[in-house]
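Below is one structure, written out as structure tokens; comments come after it.
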Amino acid sequence: VTTSLYEERSIGPFGTSSILRSTSEGSGVIFKEDEAYYYALTNYHVINPGTYTPVYEIKTFFHDTPISATLIASDSDLDLAVIRFEKGEFPDIHIIDIVTRTFTKFQVGEFVLAVGNPLDVDNNVTFGELIGLENILSVDFPVLAHSAMIHQGSSGGALVDVDGNLLGLNTWGIEGTDEYSLAVPVSIVYMFLVNHGL
């Protein structure tokens, strides 16, 4: 997921001009489709427009050319967002299972995989173990701690079990260590989607 932020400036009688202020990249997971669109989950901080005019684009494993995307739901407190993009001529894309592990207990020590696009590396997969649920100061819900490495650009990427079921959305790394990462649990993701009719 690429977010480009533009500042709109007046140029007198000639109208306005758009100036690119910043570009950031993150990861995402496709969780839904309908006849016209695919829907992807990511973190709010990946798409956060601030005071600027955003342009969102998405690249998939099957299609390197960026495709225009539209933000349709977001929650800054949960650090979650949904964007959608037209299906076009894409081959069938695997839709991640967000339901199975929503209603299944996490097991400490369980093998996990983190999937994302950190540091300009596409479709990177790391592995580790589930550490457990922990409380952190910046959010009002327990987050999922694990030992699969994530880096800048991994935000919004999937944390999955060995069967590919979503356990959480990778969101935070811990400064000073590569072996301790945090994800928004799938139960919070599921609640967010239900509350937004998705």
Side-chain angles (χ1 to χ4, degrees), residues 1-12 14-34 36-61 63-88 90 93 96 98 114-122 136-141 143 150-159 166 168-173 175 181-186 188-198:
V1 178
T2 301
T3 300
S4 300
L5 299 178
Y6 292 87
E7 182 179 3
E8 303 296 328
R9 284 194 172 177
S10 173
I11 50 175
F14 303 104
T16 60
S17 174
S18 296
I19 300 170
L20 179 63
R21 286 302 182 196
S22 68
T23 300
S24 62
E25 293 187 351
S27 302
V29 295
I30 297 172
F31 72 97
K32 178 181 174 178
E33 66 177 314
D34 58 27
Y37 297 99
Y38 285 115
Y39 296 77
L41 275 160
T42 190
N43 287 130
Y44 179 79
H45 74 260
V46 171
I47 59 85
N48 183 5
T51 59
Y52 298 109
T53 302
V55 172
Y56 303 118
E57 293 178 315
I58 193 164
K59 289 192 295 185
T60 71
F61 181 76
H63 199 280
D64 273 344
T65 304
I67 302 149
S68 179
T70 304
L71 177 66
I72 62 167
S74 65
D75 188 316
S76 59
D77 292 333
L78 300 178
D79 202 359
L80 294 172
V82 173
I83 59 175
R84 73 179 185 185
F85 60 99
E86 291 184 0
K87 293 175 87 169
F90 281 99
I93 291 179
I96 198 163
I98 60 171
V115 184
N117 304 294
L119 306 173
D120 295 325
V121 178
D122 291 340
I136 60 174
L137 292 176
S138 57
V139 294
D140 295 328
F141 54 88
V143 300
I150 64 172
H151 294 284
Q152 185 176 354
S154 295
S155 291
L159 182 71
L166 188 68
L169 216 60
N170 287 312
T171 305
W172 307 276
E175 191 172 335
S181 305
L182 303 170
V184 177
V186 67
I188 300 295
V189 172
Y190 185 82
M191 177 188 71
F192 163 74
L193 294 175
V194 168
N195 288 342
H196 286 86
L198 295 166

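What you see is a predicted model, and the numbers here were worked out from it, not measured in a lab.
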Name all residues meeting the side chain to side chain donor-acceptor pair (under 3.5 Å) criterion together with [X]; count only those two or more places apart in sequence or in a different chain, and write none if there are none.
X	value
Ser18	Glu8
Gln152	none
Tyr44	Asn48
Thr171	Asn43

Is there side-chain contact between Leu78 and Val184, with at least one heavy-atom pair below 4.5 Å? no

Partners of [X] by side chain to side chain contact (heavy atoms under 4.5 Å, CB included), sequence neighbours excluded?
X	answer
Ala40	Ile30, Ile58, Ile83
Thr23	Thr2, Ser4, Leu20
Ile136	Ser138, Val139, Val143, Trp172, Leu182

Hey, could you give me the [atom1]/[atom2] distance between [X] and [Y], rounded to the nearest 0.5 Å?
X	Y	atom1	atom2	value
Thr53	Ile19	OG1	CD1	11.5 Å
Leu166	Leu159	CG	CG	7.5 Å
Leu41	Leu193	CG	CG	5.0 Å

For [X] versus [Y], what's the shortest heavy-atom pair and its separation?
X	Y	value
Tyr52	Tyr6	CB-O, 3.3 Å
Gly26	Asn117	O-ND2, 4.3 Å
Thr42	Gly156	OG1-CA, 3.8 Å
Phe31	Leu198	CE1-O, 3.9 Å
Ala158	Asn170	O-ND2, 3.3 Å
Pro49	Pro54	CB-CG, 3.7 Å

Any side-chain to backbone donor/acceptor pair from Thr3 onto Val46? Under 3.5 Å, distance only. yes

Can you list everything that forms a ring pair (Phe, Tyr, Trp, His ring centres under 6.0 Å) with Tyr39? Sequence neighbours excluded, please. none

In chain order, what residues pass the ring pair (Phe, Tyr, Trp, His ring centres under 6.0 Å) check against Tyr190, with sequence neighbours excluded? Phe103

Salt bridge (Lys or Arg N to Asp or Glu O under 4.0 Å) with Lys32: which residues, sequence neighbours excluded? none

Qualifying residues under salt bridge (Lys or Arg N to Asp or Glu O under 4.0 Å), relative to Glu7, sequence neighbours excluded: Arg9, Arg21

Summary of side-chain hydrogen bond (donor to acceptor under 3.5 Å, both in side chains) pairs that have at least one residue in residues 66-82, sequence neighbours excluded: His45-Asp79

Taking the ring of Phe85 and the ring of Tyr38, is the distance between their centroids below 6.0 Å? yes

Just do the side chain to side chain contact (heavy atoms under 4.5 Å, CB included) check on Ile98 and Val29 with the steps written out, would you? CA-CA 10 Å; Ile98 60 171; Val29 295; 5.9 Å; no

CG of Asp34: more than 12 outside heavy atoms within 6.0 angstrom? yes

